[in-house]
Structures are given as structure tokens and as C-alpha cells.
2 protein chains.
Amino acid sequence: MKNIDKSIVILRNFVSRFLALDAPDFEKLLANFEIDEFKRKELIVENGKVADRMYFLSEGFVRFYHFKPDGSEVTSDFYFAPGFITSFTSFILQKPSIVNIQCLEQMSVLSISHKKLIELYDNYPKIERLGRLLSEQAFIASEKHLLSFLNDSPQDRYLWLCKEYPEYIKNIPLQYLASYLGVTPETLSRIRSRTL
Amino acid sequence: MKNIDKSIVILRNFVSRFLALDAPDFEKLLANFEIDEFKRKELIVENGKVADRMYFLSEGFVRFYHFKPDGSEVTSDFYFAPGFITSFTSFILQKPSIVNIQCLEQMSVLSISHKKLIELYDNYPKIERLGRLLSEQAFIASEKHLLSFLNDSPQDRYLWLCKEYPEYIKNIPLQYLASYLGVTPETLSRIRSRTL
DNA sequence: AAAAACACTTGACGATAATCAAGAAAAACA
DNA sequence: TGTTTTTCTTGATTATCGTCAAGTGTTTTT
């Protein structure tokens, strides 16, 4: 089974979590996707450029990061397959992206252009519904992320990550994790030694 | 001009920012709205109950808050008219809400039930498109909120609020603002005295 | 394999904010 | 209007985290 076929199966499964797309509609959707290969550390979306594609991550995981005015790097999110990713703000507004999205391992990724997606929205109400449902889910995830910041200490959030994604934590450099948790690498190192 | 008429004009204007709804479609939308009066400090959405209505705020402003496991209250957001508000997570999933939404002044508010909105989505693709666009905007706002946390100090965020919404800041009790900024009331008081 | 670059840990110190506590100012109420 | 309650300010103390710096361990490069 080829890479792209595996990805398509995962995409079909993912979509079916949200709504029942009949075969012709799914084919219409699929016909507009391309497959791309990304290497470890390569950027899927780059700061300063318009994110003109929506990506479907069927495997692997990515890191969202950006630079503060003072030049320091901030990891704002990790995303684990499967799911759609891009710089949504850039994609929706078609304005230059603030964030970078970086692959944390080699992976093949499906993607569709903004133009093609808008055409699909115009012609296939079911696909527009999928867009609405995915946007709603993206909002829910974002709100959850925000609440975890407001409610939980860096230590709580670290322990949660360890429990939820143990296989990934091992592969994420501590400095990225620290930034994601909103502390310095030194502080995270101390959290680790405390909670061993 | 009656209160409800003013609200409808504001709603029509607001919707037209996102897409052109022709008169019959707008009438279909409007036919499903009710108008409610809320007093200062009254709750529009209550923790523990399912948010089964979407509200359109044509005037005034509201506070989002919830309680941490330790019992302390956290103000997670303020929202200023015009716009649609509800506990989106609760509304979308039709599960009990974590957050409370509290009116900060007396106001009349339009609202539509979850059931009616879903019916409109099923029957009017343009209204479903409006739903998609509003969800996208809600996501963008949420991401912006998250980034302001990651990038800016409480002092920066306070000064930004003062610049952006000076007329409201005056009316928001300091303790709510402090919690929103993620600091204690004492610290915000000191920020204020520093930056006068 | 040696050298260099990078990632992580640990300690000392200083900055910042939380906590505790008291009092002043403002708002709500009788 | 005077009283009570709530909100805000200010000071002293404590705890936490960031910064700086040194040193260890690990990976990458030549």
C-alpha cells in the first residue's frame, strides 16, 4: 500500500468523524489534494508568507512557533496527527503568517489550496459544512488551550502532556517544551527533577 | 425607534460585514430570534447548564468567567458589542458549560436556539456559510487572545486594553481586570500607579 | 576519533509577583 | 445622611521564577 493511499484512508476516517460525505463528494474533495514530503525540521508554513494551503496531517507531529518583538522564540503549540493544520489566521485572511509550522519528524502530508477550497465551498454545501464543523472544533481546541494556561501551572501542564503524549515528549527538545509551557528551560529542568 | 428595531439594524450591519444575505434569507434568520432583557450582573450563560442559545449582543459588554478546582474565580474574557456570544464549546457540543457569561450593564439581547440554528443550517446554505465565517472569526479571536498571553506582559496587555476600550475600562471592577490579565488585584493596582 | 556544537543540569543571585495585613476611598444601603 | 459593605491602595514579607554562569553529557561534524 502506497504512502498516499494510507494518508487517504486516514483522511476519510477523519472526515467521517464529522459528517457523512458520500463517495462522489469525497472524490471531489480528494481530487483537489496534493501530496508533499517534508523532512524533519522543515517548515510547512513560514512566517511572513501567506499560508495559501490547508494541510492534512495523517502521521507525525508539528510545532507552531513565532518570534517576539525582542527576537526570542516562542513555541505556541504542538499538533499531533491526524488533523488539518495551517496558520488558520493567515489562511482565512490570506495575510502573511505570524507563525511558523515546523515538522518534528519526516512525513508526507496532503494539502489543498485556498482557492480550490473556496471553490469547493461554493459548489458543495456538504464540504462547506465540513468547513464549519472543523472551524468549530478548531475554536474549541483553541479555547481549551487558553483555559489550560489560565487554570493550570506549568508543572500541571507538563505532567498532563507526559500522560497524554508520552511517546512524543521523548522526542521534543526540552527548550521547545519549556517555551510551550511558558517557562525557561532551566525551570522545566527543575520541574522534571522535582517530579521524577 | 424601539429597542428591538435598533438591535435588528445592528445585527443586519454586523452580518453584512461577513456576507451579503438577501432580504428573504435575512428574514428567515430573524424570524427565529427572540429578544431578552438582562440586568446588570445577570448571567446570560450559567456554569453547569447547557448553553442552548446563541446570543447577539447589539450593545453593552459582558464578562466570561469560571471557577478553578480550588474555588477561585478566573475572568477569561470580555466581549464588547456587536457580536455573537455564547459558551461556544457548550453550544457546539451541547454539553454543560464551564464558563459563566455575565452582563456588565443592562442590555437587551437577541437570541436563537441551538435547534433552530441547526435547522437554518440545513435549509439555508447561506446561513451555514455565515456560521462558517463566524466560527472562523471566533477562532482567529481566540488565537489572538492566546498569543497576547504568550507575547505580552500583564502591563502591556493592560495598557492595550486602556487604549482600545477606554470607555469600558472605567466600568470594569479592578479585580475582574486583574484576573483577566493573570495577576492579583494588588499587582494591577501597582501597575496602575506605575503607569499613571 | 577528535573537535565542535548543542542540550541539559545545577547553583547562586536578583527581579518580580503573591501573600498577608492594615487602612483609605468609594459605593450601596438603610 | 450616616452606616455598612465593598473596592482599592500601600507596605512588609515570602516564594517563585528568570538570569547568569559553570560544568556535564550528548550528538553532529570533519
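In this text, all values refer to a predicted model and were calculated from it rather than measured experimentally. A, B, ... follow the sequence lines: proteins, then strands. Residue 1 opens every chain.
With DNA chain D read from its 5' end, the first of the two nearest nucleotides for B:Thr187 and A:Thr187 is the one closest to B:Thr187.
The interatomic distance linking A:Ile169 (CD1) with C:dC8 (P) rounds to 12 Å, in whole Å. Here D:dT7 presents its P atom at 13 Å from CZ of B:Arg192, a figure rounded to the nearest Å. Between the CD1 atom of B:Ile191 and the C1' atom of C:dA15 there is a distance of 15 Å, rounded to whole Å. Rounded to whole Å, atom P of C:dA27 lies 11 Å from atom CG of B:Asn171. B:Gln175 has its CD atom 17 Å from the P atom of D:dT5, to the nearest Å. Look at NZ on B:Lys170: it is 17 Å from C1' on C:dA26, rounded to the nearest Å. In this structure, B:Arg40 places its CZ atom 14 Å from P of D:dT6, rounding to the nearest Å. Rounding to whole angstrom units, CD of residue B:Gln155 and C1' of C:dT16 are separated by 12 Å.
Closest to the side chain of A:Arg190, from the set C:dG11, D:dT10, C:dA28, is C:dG11. You'll find that the side chain of B:Glu186 is closest to D:dT10, out of D:dT10, C:dA7, C:dA12.
Between D:dC8 and B:Ser189, no contact under 4.0 Å exists linking OP1 or OP2 to a side-chain N or O.
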>> Run the salt bridge (charged side-chain N to carboxylate O under 4.0 Å, His left out) test on B:Glu119 and B:Lys28 for me, step by step, so that the C-alpha distance in whole Å, both residues' side-chain angles and the decisive distance to 0.1 Å come before the verdict.
In response: CA-CA 11 Å; B:Glu119 283 172 22; B:Lys28 279 293 170 189; over 6 Å; no

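When ring centroids are compared, A:Tyr176 and A:Tyr65 stay outside the 6.0 Å threshold. A ring-centre distance under 6.0 Å is found for A:Tyr180 and A:His145. Checked against the 6.0 Å centroid criterion, the rings of B:Phe61 and B:Tyr79 do not qualify as a close aromatic pair. Checked against the 6.0 Å centroid criterion, the rings of B:Phe84 and B:Tyr55 do not qualify as a close aromatic pair.
Judged by Watson-Crick or G-U wobble contacts below 3.5 Å, the nucleotide D:dA21 has C:dT10 as its partner. For C:dA30, the paired nucleotide is D:dT1, the pair qualifying as Watson-Crick or G-U wobble because both relevant distances are below 3.5 Å.
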